[in-house]
Every structure is written in structure tokens, then in C-alpha cells.
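First comes the structure, then the notes that go with it.
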Amino acid sequence: MSIPADSLTHPLLDGLNPQQREAVVHHGSPLLIVAGAGSGKTRVLTHRIAYLLAERDVRPQEILAITFTNKAAKEMKERVDKLIGPRSAAMWVMTFHSACVRILRREAARLGFPSGFSIYDQADSQRLMAMVCREMDLDPKRYPPRSFSAQVSNFKNELVDYETAADRASTHMERTLAEAYKNYQRRLTEAGAMDFDDLIMLTVTLLQIFPDVAEHYRRRWRHVMVDEYQDTNHAQYTLIRELVGTPELRTADGDLVREGSSGIAPAELCVVGDADQSIYAFRGATIRNILEFERDYPDARTILLEQNYRSTQTILSAANAVISRNESRKPKNLWSDQGAGPKIVGYVADDEHDEAMFVAQEVDKLADDEGVVPGQVAVFYRTNAASRVFEETFIRTGLPYKVVGGVRFYERKEVRDLLAYLRVLANPNDVVSLRRILNVPKRGIGDRAEAMVEAFAARERVPFAEGLRRAGEAPGMATRSVNAIKEFVALLDELTLKAESMSPSELAQEVLVSTGYRAELAGSGDPQDESRLENLDEMVSVASEFEEANPEGTLVEFLEQVSLVADADQIPVGDGGQGVVTLMTLHTAKGLEFPVVFLTGMEDGVFPHMRSMGEPKELEEERRLAYVGITRAERRLYVSRAAVRSSWGSPSFNPASRFVAEIPSDLVDWRSDPKKNAWTAATRREPSRTAPAGRKGGRQIPSLKPGDRVTHDQYGLGTVVSCDGDKAKVDFGSGGEKTLVLAYAPLEKL
DNA sequence: GAAAAGGTGCTTTTT
DNA sequence: GCACCTTTTC
């Protein structure tokens, strides 16, 4: 744009700063918006969409906007509608996974999948991998299915197929992994299922092998936007490239370096992100996507949003000080014009109960002194397990609260059981779901019978479902088992018949009745079963709501929504009322903001987590997590820690978190007893930069006996096998068995 | 085949 | 300390 951005006037640009305006009206070259925390990046994206529709004659169906969560997508659509009237219906504003499923359902046949394929989440994938490992006769201790499942997920995020994985394998472990990957993939195909990583990877494959498909979507979407770009993985990055298309590339002499994408000029791409808020590297996100955007798209334009509209200068200064300790980072200079505000309050508690009590009392005090209502307060912690003490304390003191995250609705056993029935009815080949419900509720088909059917099916080279139908032919099967299986098959057939004429909610209800699941729970006196029953009713009403929203909706579509749209609505919104205190992990807190924030468990070993302290890269991610936590606060920030914390049953004395030490001390008002401070001063020595906690100064030589559990700086957790005077033999599991000299080994008894 | 006892291992997580 | 998986026992 040649017009200075601050001279632009348009109702949609009102209230935006010059950088934001420029980002909204920019067109042509790919655009990278580097936005600090609280700088209104989502607002820019929303206004940009509205501006495209209102001023640049873009049709809604030409827009594809990718968000990180469904909730963000929903909000973005609503805001666009609010700005320029209802246009969002034809617009694709959704997550990567939703977009891919919609493309794949249409094109599934080209990849050899039925369009009604099942979608496997992480738990399903792990179950399938467990079946594969058992089939391969792998020792679950040496080759844990969970770890294999995670590693296969990594491969897929990197777009590495099993053949490539096999080619690259050099160790026995890697070859076994590649073999398991191959078998896993075969069984997924047999089950007519895709896992979450497949949804992305197979869409990329689809676009790469079928140029006509790629061109179709490139013609459709002329504007592609991605929010939270720092959290994209390699597969998602490639997907965006394929969808946008690449221009022809020539050297200065005019020699062709790379051909352009077929048929059509690349779409306009606009991505938004903050490398400092990348906290998902552990599941494959790579910051490189955002750091090297300009290299990936040479004519890209970058706009920095540095003004923060959320927090006070005190909070921002603290955040800046902490994040600046990270190396390999492009400096940003976040500023706020909201004034210094109150100081950060620090508190050193005796133990975790005292810490929770402090939070509860402080919330009360804030209510009295400043009229803060519980709904304005959030308590963050590093791990889900930490929520318990707060819950107990808040219940005791009568402070209303809500825990966000933890065990989610769709992860509950009974809900998954019901969904498994529906999935089998929608896709009879779905072997993971089928085996899940085989003996649920108990109907006398045990592990033995299941294993026999599996072996029989494998020998006859037929799917498990067919093996089940022909169970009578399986050698050595007890008559009782055969009869039980026959009954089960008959039940499924009956339900399949009914499924044709029933809506999803009716079918769910029917499953609960005819399987006896409802009767079993209702008949039990266990109060837990009562709440299970409630959850199942809730599930039925979820199906009813789906039908209301989609009168033509099929069972497959319902199941798809359930898999893709997890219950993200549980995050309480600021209703004018009192609200409740929000408890959540730091990860869940991303993207949210609260007037008052408590960062708890600020201890080396807790946060940063023990397992991240050895690896500088992981430590940097923890620091970004701290940055995310600090920048959630609008007015008041509390940092607290416990001098003693009982973890896993035994007490541990953790030194102060290095992140707290990184906050300039003049910003913090320590609010602990002086005598407690004196006690803690000894432990608050600056922790060494590289070594984990507990190794400073007078470390004691641990006295060990066989069976003791220990942790080693390099090898991690281990078990003492034998002791010999000043030496000990320790088994570190996958790390092998090591003989260590106790006086020197960086070993700690647990 | 199912209940009870025993053992183990233990970030973060959306889709 | 607890949840989850495996082994043992009935």
C-alpha cells in the first residue's frame, strides 16, 4: 500500500493503531503479523476478514481462516457477523483438522477410504498400536506402545511415511518402530479409520498427488489466514503451502528454479503469531515456521504489533525480563500506556496447603478492598495434579471455582463406550471401537475368546468383524463363548438395522437400552455409576442438540463433530455476575486473559518442570510458558511457591523457580513472614544455569539399597539393582544398566 | 471369566 | 497418593 496506514479512514479501522490498520488493509504479498501478547492480533484478523468482505469484493466462500481451537473459530465468525452483518456461513473459519476432514470426506475414495471413515483420537491410536505391538510379539516393557504411538505421530507431523522411516532406521529399535508404523497404518486402513495426524498428512498427500484436486481448492480459496502460526507443525506448514500455491521462481538471469503451482496465481496468505508464545514444541510445533517465514515466502511483508492493550507496565516489564533470557529469539519491545499499576505480589508458603489458603484469603481480601469478583480471578499451575489442593481448600473456604481441563467429558469411559457403539454402527470395520465394546457391558466374552477370534481372523486373513461372525469355526473355542459372541453379533445386526431409520440421539438411547448398559448402571448402588448415568444422558442430549442444529445430520457427521469439537465451551465467559474462580494449567490458559492471576508452584522442579531442566531447549519452552502465564494478567499478578511440597507421597524441598528470580526485584512486593523469608533465603540462592535442582553446594551422598528409586541428571529415572560400598548398579530402563560411583554421580534418591 | 491384590510410573494437550 | 495395568486368586 502506498497510502500511509494512519491516514486511512474506514469504520472498520476505527480504534486500531497504525500497524493494525496496515495489517488489515495489506494486500498482495504474503503477510506475517508478529504480535506480542495482548496486542490484539485476533482483532486484526477479524477486522481483516471483515474488510476483505466489505471493501475488496471478496466473497465469503473465498476465505479460509485457520484457528487453533474451535472456540476461537466460533468467536471469530461471530465477531465478523457483528461487524458487517451475517456473512460467516459460507466462510471456512475452523481448525486445521476440521478443514482437512471436510476435504477428505469429499475426496476419500481417491485415497482408498470410504467417506464414512472413523476418526481416531490419541487414545484410540494408542489402543490400535497396542494391538499391533501384541501382534508383533513385542515386550511392552522394552517397546512401550504409548511411546511407539507418540513416535509415529511425530513421523506423521514431519510427513515421514513408514517406508522412509524404515530407510532411515539404523538401530534395532528404529527398525522395530518402522515395522510397527507400517503395521499400524495397515490396520488403520483396514479399520477404515484415520488418526488425527493422518487427517493432515493425508490431505497433504492428496493435494500433492492429485494436481486437479489441488487446483480446485486453490481456485476456491483466494484468502488464507492462519492464527497462532507459531504452533503449526511441519505437516500443517506444508498443507498451507499446498493450499496457497507457490509462485514461479526464477534466478536473476531468468532461469527457472521452480515451477509455479498449476493454473492459478497463489492465494493471499496472512499468518499471525508470537514465537514467544510457542508452548507446544513437545507435540511437534516448530517455531521455525514463524521465524523463517520470510525465507519461505521471499516477498513477504512483516508487521510488528508491539503495543499491548491488556496488562499494566509492571506486568509487561516482568514478562519482558523473563522472556529476554531466552536465546535465539527476535527481540520485541512490548509496551503499554496503561500505567505501572500495582506491584506483583510474591508469597512463599510453608507448603502447598498454605499456598492454596493464601490464594483463597487473597481473593477474599481483593473482593473486600477492590470489589474484585471471583470470576475475574484465575489460578494457574503447571500440572493438572496440582489442582487438587486448590479444590480442597476452596471447597473448605466456600470459594466458588471451576476447574478447566483435566478429564474431559468425551474422555470418560462410559461416554467413550457409547460412542464406540455408535462408531461401530457407522463403520463396521472400526476394529478399535468394536473390540472396546465386545465385552461391555460384561457378556462373557473374555480375553481368551477375543484372542482366539483374533488369531482365527488373522489365519483366515479376514477382518476381525468377520472372524467374530464365524467364531463357531475357530478351533478350541468354548461353546459358551461362541454363544455369547453369537448373541453379540445378533445384537449388533439388530442395531444396525435400526440405525437406518433412527436419528443419532434415538440410536444412542436405543444402544443404552438394548445392550443393557443403562440397566447395569441403574442397578448398581455405586454413586459413581449414578454420575456415569448422568454423563450418558448428557451424551444423548448432545446428540439431540446436534440434530436441532443439523436437521439433515447423519450419524457419521455427528461422530465427526464429537471427535473434532471437544468440549472447549467450558471456559467460563465474563458474565456480568459474580462468576467463579478459574483453575487451569498454564497451557490451557493460552489465549485467555484475567484481571487477577495467581501463578502458583513457582519452584524449580515444579515449574520449570524437573524433566525440562536438563535440556536447554525444553527449558526455553518452559520459560515461554512462564511468559504466557505472566501476560495473561491484566491488573494484578501473584507469584507463589511452597517451601515444602509433598509430591508422590513424600515431601520435597524445592528452591524458588528461576523464572521468579528473573523478574526484576523492584517489581515484586514479597508478602511472606520475615522468618519464613529468612528460612527461604537459604534456598533462594541463584540456581546454576545448567544443573537441575538439588545439586547445589553440600549435596549429600545418597545411601541406597536395592529397589530404591533414583533420578540421574543424564539418564533420568532408575531403580537401584545392587549396591557395592561406594558404587551402585542402577537400571535406567531404556537407558540401560549403569554402574555409578555414588560420590560423583549426579544421582538423587527419590 | 471376573474380582482382588499387586506393581508401576508419574508434564504440558488440542484436534 | 493415586490411577492404571498386570498378575494372581477364586
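Chain A is the first sequence line, chain B the second, and so forth, proteins listed ahead of strands; every chain is numbered from 1.
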Exercise. Does the cation-pi check pass for R624(A) over Y627(A), that is, NZ or CZ under 6.0 Å from the six-membered ring centre and within 45° of its axis?
Worked result: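 Not satisfied by the 6.0 Å and 45° rule.
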Exercise. Does R105(A) make a cation-pi contact with F117(A), if we ask for NZ or CZ under 6.0 Å from the ring centre and within 45° of the axis?
Worked result: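 Judged by the rule (NZ or CZ under 6.0 Å from the ring centre, within 45° of its axis), R105(A) counts as positioned above F117(A).
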Can you tell me how far [atom2] of [N] sits from [atom1] of [X], to the nearest Å?
X       : N       : atom1 : atom2 : result
I119(A) : dT14(B) : CD1   : C1'   : 14 Å
I445(A) : dG1(B)  : CD1   : P     : 9 Å
H609(A) : dT13(B) : NE2   : P     : 12 Å
Y120(A) : dT14(B) : OH    : C1'   : 20 Å
K413(A) : dC4(C)  : NZ    : P     : 12 Å
F68(A)  : dT13(B) : CZ    : C1'   : 8 Å
F607(A) : dT12(B) : CZ    : P     : 13 Å
Q236(A) : dT13(B) : CD    : C1'   : 13 Å

Problem set entry | Identified pairing partner of dT9(C), criterion: Watson-Crick or G-U wobble below 3.5 Å |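 Here dT9(C) is engaged in a pair, and the nucleotide opposite it is dA2(B).
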Exercise. Whom does dT11(B) pair with, Watson-Crick or G-U wobble, provided both distances fall under 3.5 Å?
Worked result: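 The answer is none; no pair meets the criterion.
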Exercise. Given the C1' atoms of dT12(B) and dC5(C), what is the spacing between them in whole Å?
Worked result: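 These two C1' atoms come out 23 Å apart once rounded.
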Problem set entry | Spacing of the P atoms in dC4(C) and dT13(B) (rounded, Å) |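 Nearest-Å result for dT13(B) against dC4(C) at atom P: 16 Å.
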Problem set entry | Assigned glycosidic conformation for dT11(B) [threshold 90° from 0] |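 Base orientation: syn.
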Would you please confirm or rule out a distance under 4.0 Å between OP1 or OP2 of [N] and any side-chain N or O of [X]?
X       : N       : result
S563(A) : dT15(B) : no
N439(A) : dA2(B)  : yes
N70(A)  : dT15(B) : yes
R388(A) : dC2(C)  : yes

Side chain of [X] only, heavy atoms from C-beta on: which candidate in [options] is closest?
X       : options                   : answer
K442(A) : dG1(B), dC10(B), dA2(B)   : dA2(B)
L564(A) : dT12(B), dT11(B), dT15(B) : dT15(B)
T588(A) : dT15(B), dT11(B), dT13(B) : dT13(B)
S98(A)  : dA3(B), dT15(B), dC10(B)  : dT15(B)
R611(A) : dG1(B), dC10(B), dT15(B)  : dC10(B)
E618(A) : dG1(B), dT11(B), dT15(B)  : dT11(B)

Problem set entry | Face-to-face contact H587(A) to dT12(B) six-ring, under 5.5 Å, under 30° |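 No, the aromatic ring of H587(A) does not stack with the base.
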Problem set entry | Under 5.5 Å and under 30°: F282(A) stacked on dT13(B) |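 No, aromatic ring not over the base.
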Problem set entry | Heavy-atom neighbours of D139(A) CG exceed 12 at 6.0 Å |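 Yes.
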For this session: Could you tell me whether E391(A) atom CD has more than 12 heavy atoms of other residues or ligands within 6.0 Å of it?
Result: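 Yes - once you tally the heavy atoms of other residues, nucleotides and ligands closer than 6.0 Å, there are more than 12.
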For this session: Measure the spacing between CG of L128(A) and CG of D195(A) and express it to the nearest 0.5 Å.
Result: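 These two atoms lie 9.0 Å from each other.
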Problem set entry | Distance (rounded to the nearest 0.5 Å) between T232(A) OG1 and F96(A) CZ |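 So the gap between those two atoms works out to 6.0 Å.
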Select base, sugar-phosphate, or nothing to describe what [X] touches, counting heavy atoms under 4.0 Å on all strands.
X       : result
S612(A) : base
F96(A)  : nothing
E622(A) : base
D121(A) : nothing
S481(A) : sugar-phosphate
E560(A) : nothing

For this session: Classify the side-chain pair D227(A)/T67(A) by whether it contains a donor and acceptor separated by less than 3.5 Å.
Result: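 Note: D227(A) and T67(A) side chains miss the donor-acceptor criterion.
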Exercise. Is a donor-acceptor contact shorter than 3.5 angstrom present between the side chain of R283(A) and the base of dT12(B)?
Worked result: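 When only heavy-atom distances are counted, R283(A) does not reach the base of dT12(B) through any donor-acceptor pair under 3.5 Å.
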Exercise. On a plain distance test, is the side chain of R382(A) in donor-acceptor contact with the base of dT12(B) below 3.5 Å?
Worked result: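 It does, because a donor-acceptor pair links the side chain of R382(A) to the base of dT12(B) below 3.5 Å.
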Exercise. Can you name the closest pair of heavy atoms from R611(A) and E618(A) and give their distance?
Worked result: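 Taking every non-hydrogen atom into account, O-OE1, 3.4 Å.
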Problem set entry | Nearest-nucleotide 5' precedence on DNA chain B, G444(A) against H97(A) |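 Of the two residues, G444(A) wins.
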